[in-house]
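See structure below.
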Amino acid sequence: MGRVGALPHLRQDFAASLVVFLVALPLCVGVAVASGVPAELGLITGIVGGLVTGSMRGSSLQVSGPAAGLTVLVFEAVQTFGLPALGVIVLVSGLLQLAMGALRLGRWFRAISVSVVEGMLAGIGLVLIAGQLYAAAGVEAPASGTEKVTGIPGLLADAVSSREALVSLAIGTATIVLVVTWDRMPKRVRAVPGALAAVALATLVTVAFDLPVGTVRVQGLLDAVQIPPLSEFGGLATLSLLGTVAAFTLIASAESLFSAAAVDRLHDGPRTRYDKELMAQGTGNTVCGILGALPMTAVIVRSSANVRAGARTRASRVLHGVWLLLFAALLPSALELIPLPALAGILIHAGWKLIPLRSLVALWREHRGEALILAVTAVSIVTVNMFEGVLTGLALSVAKAAWDASHIRLEVVETRDDLVRARLSGNATFLRLPKILDSLEALPTDRPVALDLSGLHHLDHACRTALESWAERHSASGTEPVRLTREDVVTAAP
């Protein structure tokens, strides 16, 4: 009876795993190529995401693998520290994720401002789009995000005079158009994922007409494994490498846990256990680091495809890892036929989807401060780098929260010829000290004042000192000393 009851789930998970495999395959290869590493390393991360992370508890239906959201950071790390150091960075990031999960810190990532996360993804999307435009034209991209963006007009001008560049751009553009319009195809046609169909068609056209475009380079799955040598661990003594590790850990963890929250809204099954999911991600990244592969996160595109395909248990994502392993082991030469501009088109589309245009418009209408945090975070990532851009967004978010929490109001309760009764309410912090003093100094100076502070939830040292100084100045004019009612401040303080 148990076997019969389990059979429907097995069938559904088997079918879903094939769909996820077909979605993941071009993305694994594309993310690896865009990250400046061998294509096989993307497949290795996808395999580990299925076989290792996919078999662990946490979020039952979300799928992990190499993500477009880390492409920019990985590329910068490889260019700065070299490919052998990538394994060290990913390994230490995985160990940190394991430690955070064991310390039950997973849930705290949900406290990160959504504006910062969306700004981070928007910045990544902009840099990814700009960089992949060069790849689509078959040209090497500049190093910095600013140079990538400002160099686009020159890139397009140069491409007009080059037949190879025009052909390459045409393949990339056609890939994007096909992916964007794929959802309008008949239902039977849409059974094949749009990204896979676009790459397959681009490959067929390139081979059939022998087009002059670059293709993926293949060196074999085992040959691509880059176990980090012990000498590379010495780089952990440098601040720059530690900063990169921190950026990997923060961004990979935040993206995975935010993806888990989104996937939970897509199904009615078991909810995500965030600390266990963080440990599952940490285990996967630890294994990826040992193999010198790309870092992994939970990927919303694959996860939503898994849910829509009817997956019911973890078996679907484990099986998708099996299919990736079989493909990499049995058909590696097939990768050599894939044109690079087609992969660039897939990633340009992925980068565009990272930019939350609709939510930004709504955010600007309702919460302009949050919209500014999102925009500044994105621009900082493009103009400076990933880590400092995210830190800028977090700092702005904390500053805004502190500013919002320090609301203060002065209300004149009663005014008689012989007395002015006023009441301060809210949070009296140094951030609002100028406003507090301006309001107090506007009170009449020729009459005594009774100032009630019992409405304050918080009164910091700077404001307390400023209030006492103001009271002394007001009383110095010859009026009766200001009466401050403080008894309720302590009891009202949180």
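Computed from heavy atoms alone, side chains included, the values below leave out hydrogens, waters and symmetry copies.
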Between [atom1] of [X] and [atom2] of [Y], what distance do you get to the nearest 0.5 Å?
X      : Y      : atom1 : atom2 : result
Ile176 : Gln132 : CD1   : CD    : 10.0 Å
Lys400 : Ile373 : NZ    : CD1   : 6.0 Å
Leu278 : Arg104 : CG    : CZ    : 12.0 Å
Ser93  : Leu70  : OG    : CG    : 9.5 Å
Ile47  : Leu325 : CD1   : CG    : 4.5 Å
Arg314 : Asp13  : CZ    : CG    : 10.5 Å

Any residue meeting side-chain hydrogen bond (donor to acceptor under 3.5 Å, both in side chains) with Ser17, in chain and number order, not counting sequence neighbours:
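Ser17 satisfies side-chain hydrogen bond (donor to acceptor under 3.5 Å, both in side chains) with Trp323 once adjacent residues are dropped.
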In Asn285, Val48, Leu91, the residue satisfying side chain to side chain contact (heavy atoms under 4.5 Å, CB included) with Ile290 is Leu91
Donor-acceptor contact below 3.5 Å, side chain [X] vs main chain [Y]:
X      : Y      : value
Thr71  : Ala68  : yes
Tyr134 : Pro142 : no
Thr215 : Glu336 : yes
Ser162 : Asp158 : no
Thr206 : Leu211 : no
Glu40  : Gly220 : yes
Ser35  : Val37  : no

With a sphere of 6.0 Å drawn around [atom1] of [X], does it hold more than 12 non-hydrogen atoms of other residues, nucleotides or ligands?
X      : atom1 : value
Leu357 : CG    : yes
Arg271 : CZ    : yes
Arg190 : CZ    : yes
Trp182 : CH2   : yes
Leu230 : CG    : no

Check whether any side-chain heavy atom of [X] sits under 4.5 Å from a side-chain heavy atom of [Y], and report yes or no.
X      : Y      : answer
Leu178 : Met185 : yes
Val90  : Leu294 : no
Pro332 : Phe327 : no
Val74  : Phe248 : yes
Val199 : Ile346 : yes
Val23  : Leu196 : no
Gln226 : Leu83  : yes
His267 : Ser303 : no

Which heavy-atom pair separates [X] from [Y] by the least distance, and what is that distance?
X      : Y      : value
Ala67  : Val299 : CB-CG2, 4.1 Å
Leu43  : Leu25  : CD2-CD1, 3.8 Å
Ala202 : Ile171 : CB-CG2, 4.0 Å
Met56  : Val52  : CG-O, 3.3 Å
Arg163 : Pro212 : NH1-CG, 3.5 Å
Ala136 : Ala344 : N-CB, 3.7 Å

Using only heavy-atom distances, determine whether the side chains of [X] and [Y] contain a donor-acceptor pair under 3.5 Å.
X      : Y      : value
Asn306 : Ser316 : yes
Gln62  : Ser259 : yes
Glu277 : Ser59  : no
Thr53  : Gln281 : no

Under the criterion side-chain contact (heavy atoms from CB on, under 4.5 Å), I'd like the reasoning laid out for Leu98 against Thr286: C-alpha separation, chi angles, the key distance, then a yes or no.
CA-CA 9 Å; Leu98 279 170; Thr286 300; 3.8 Å; yes
Taking it one step at a time, do Leu51 and Val318 satisfy side-chain contact (heavy atoms from CB on, under 4.5 Å)?
CA-CA 5 Å; Leu51 300 182; Val318 174; 4.2 Å; yes
Yes or no on side-chain contact (heavy atoms from CB on, under 4.5 Å) for Glu118 and Ser359, after CA distance, side-chain angles and deciding distance?
CA-CA 9 Å; Glu118 290 188 338; Ser359 60; 3.6 Å; yes
Worked verdict on Glu76 versus Thr244 for side-chain contact (heavy atoms from CB on, under 4.5 Å)
CA-CA 9 Å; Glu76 292 177 353; Thr244 302; over 6 Å; no
